[in-house]
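Counting from 1, the numbers follow the sequence of the chain as shown.
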Amino acid sequence: MINAKQAMDTCTNLPAQRLLAGFLSGGHLKEHLVTQRLEYKRRKDAMNTALQENFGDIARWTDPEGGFFLWVTLENGVDTGELFEIALAEGVAFIPGPAFSPSGRFTDALRLCFASTPPDRIHEGIARLRRAADKLVP
C-alpha cells in the first residue's frame, strides 16, 4: 500500500488525513451518507423535472437508480457534437454521446451530471441547453 500511495503522489495533506480519520473513527460516515443520498436524489429529481419542462417534446432520458449522470437521447436530429460548442457559448457543458462509443455512435445522445450542481442551477442549465438545441433544429 505504501508503494502504491507513493506512486500516486508525494505530497500528502496530513491535516486532511487526520480530519478524515477522526470523522471515520467518530462514527459520522453513516449519517453523512444519508444526507448525501438525499441531496443527490434532490438534484436528480430537479434534473428530471427540468428535462421534462424543457425537453419533454424532443428527448427521452434515463432515471438512474444510482450514479451521478442522466443519459439523454435527442429525437429532433440534433448532433450533440455540434450542440456542444453552442451549449458552451450558452454557459452549459455536457459529454457528447460519441465519447462513450469506440465507433462514434450515439451522435444524438449526451450525458448530463446532476451531482455537482444545486437544483436552481440545474434548472437554469437545462433551459440554456434547450436554447442551444433550438439553434440547431434541422
Side-chain angles (χ1 to χ4, degrees):
M1 292 293 283
I2 291 171
N3 288 340
K5 173 71 172 121
Q6 288 177 343
M8 287 188 261
D9 70 63
T10 57
C11 301
T12 300
N13 180 337
L14 292 176
Q17 283 190 350
R18 288 202 183 255
L19 283 169
L20 182 58
F23 179 83
L24 295 173
S25 64
H28 303 290
L29 180 61
K30 188 174 183 177
E31 182 181 332
H32 177 69
L33 290 176
V34 168
T35 61
Q36 291 304 294
R37 288 180 183 125
L38 288 171
E39 181 59 21
Y40 288 137
K41 182 180 183 331
R42 189 171 80 95
R43 293 175 183 206
K44 181 188 80 154
D45 290 347
M47 186 167 280
N48 271 317
T49 298
L51 283 168
Q52 185 60 47
E53 291 170 0
N54 291 279
F55 283 88
D57 61 331
I58 63 167
R60 55 189 160 80
W61 52 92
T62 61
D63 184 11
E65 293 182 25
F68 300 123
F69 306 97
L70 274 70
W71 182 258
V72 179
T73 303
L74 299 173
E75 298 173 336
N76 63 347
V78 168
D79 181 305
T80 58
E82 294 176 32
L83 176 59
F84 183 73
E85 295 298 325
I86 297 169
L88 284 179
E90 289 284 341
V92 65
F94 60 86
I95 307 295
F100 301 97
S101 168
S103 64
R105 294 177 44 222
F106 313 124
T107 58
D108 60 346
L110 55 100
R111 188 177 82 165
L112 295 173
C113 178
F114 59 81
S116 59
T117 308
D120 60 326
R121 294 198 60 215
I122 287 172
H123 284 279
E124 176 62 27
I126 298 298
R128 290 180 184 195
L129 184 59
R130 178 58 194 251
R131 283 195 299 269
D134 286 344
K135 292 178 181 177
L136 281 179
V137 175

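For the pair N76 and L136, the minimum side-chain heavy-atom distance is 4.5 Å or more. For the pair P119/R43, a side-chain contact is recorded, criterion being any heavy-atom separation below 4.5 Å from C-beta on.
Of all heavy-atom pairs spanning A109 and T80, the tightest one is O-OG1, 2.8 Å. Of all heavy-atom pairs spanning F69 and P64, the tightest one is O-CG, 3.2 Å. Nearest heavy atom pair, residue F100 against residue F106, reads O-CE1, 4.0 Å. For A59 against V72, the heavy-atom pair with the smallest separation is CB-CG1, 4.0 Å. Of all non-hydrogen atoms in F94 and L110, the two that sit nearest each other are CD1-CB, 3.5 Å. In this structure, I126 and F55 approach most closely via the heavy-atom pair O-CE1, 3.6 Å.
Taking CG of D57 as the start and CZ of R130 as the end, the distance is 4.5 Å to the nearest 0.5 Å. Taken from CG in D134 to CD in E90, the straight-line distance is 10.0 Å, to the nearest 0.5 Å. Between the NZ atom in K44 and the OG1 atom in T62 there is a gap of 8.5 Å [rounded to 0.5 Å]. Annotation: the span from D108 atom CG to L74 atom CG amounts to 7.0 Å, rounded to 0.5 Å. Note that CG of L33 is 7.5 Å distant from CD of Q36, once rounded to the nearest 0.5 Å.
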(request) Run the numbers on L14 and Q17 for side chain to side chain contact (heavy atoms under 4.5 Å, CB included), then give the verdict. (result) CA-CA 5 Å; L14 292 176; Q17 283 190 350; 3.9 Å; yes
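Using a 4.0 Å cut-off between charged nitrogen and carboxylate oxygen, E39 and R42 count as a salt-bridge pair.
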Under 3.5 Å, side-chain donor or acceptor atoms of residues 47-54 against the rest of the protein: list the pairs with distances, not counting sequence neighbours.
from, atom 1, to, atom 2, distance (Å)
N48, OD1, W61, NE1, 3.0
N48, ND2, D63, OD1, 3.1
T49, OG1, D45, O, 3.0
N54, ND2, A50, O, 2.9

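Cluster annotation: I58 is connected to L83 through the hydrophobic network of ILVMFWY side chains, with a link wherever side-chain heavy atoms come within less than 4.5 Å. With hydrophobic clusters built from ILVMFWY side chains whose heavy atoms lie under 4.5 angstrom apart, V92 shares a cluster with L88.
Counting only distance, with no hydrogens or angles, the side chain of S101 and the backbone of P98 share no donor-acceptor pair below 3.5 Å.
The number of heavy-atom neighbours closer than 6.0 Å to CD of E31, taken from other residues, nucleotides and ligands shown, is 12 or below.
Considering only residues two or more places apart in sequence or on other chains, A115 meets the side-chain contact (heavy atoms from CB on, under 4.5 Å) condition with Y40, F68, C113.
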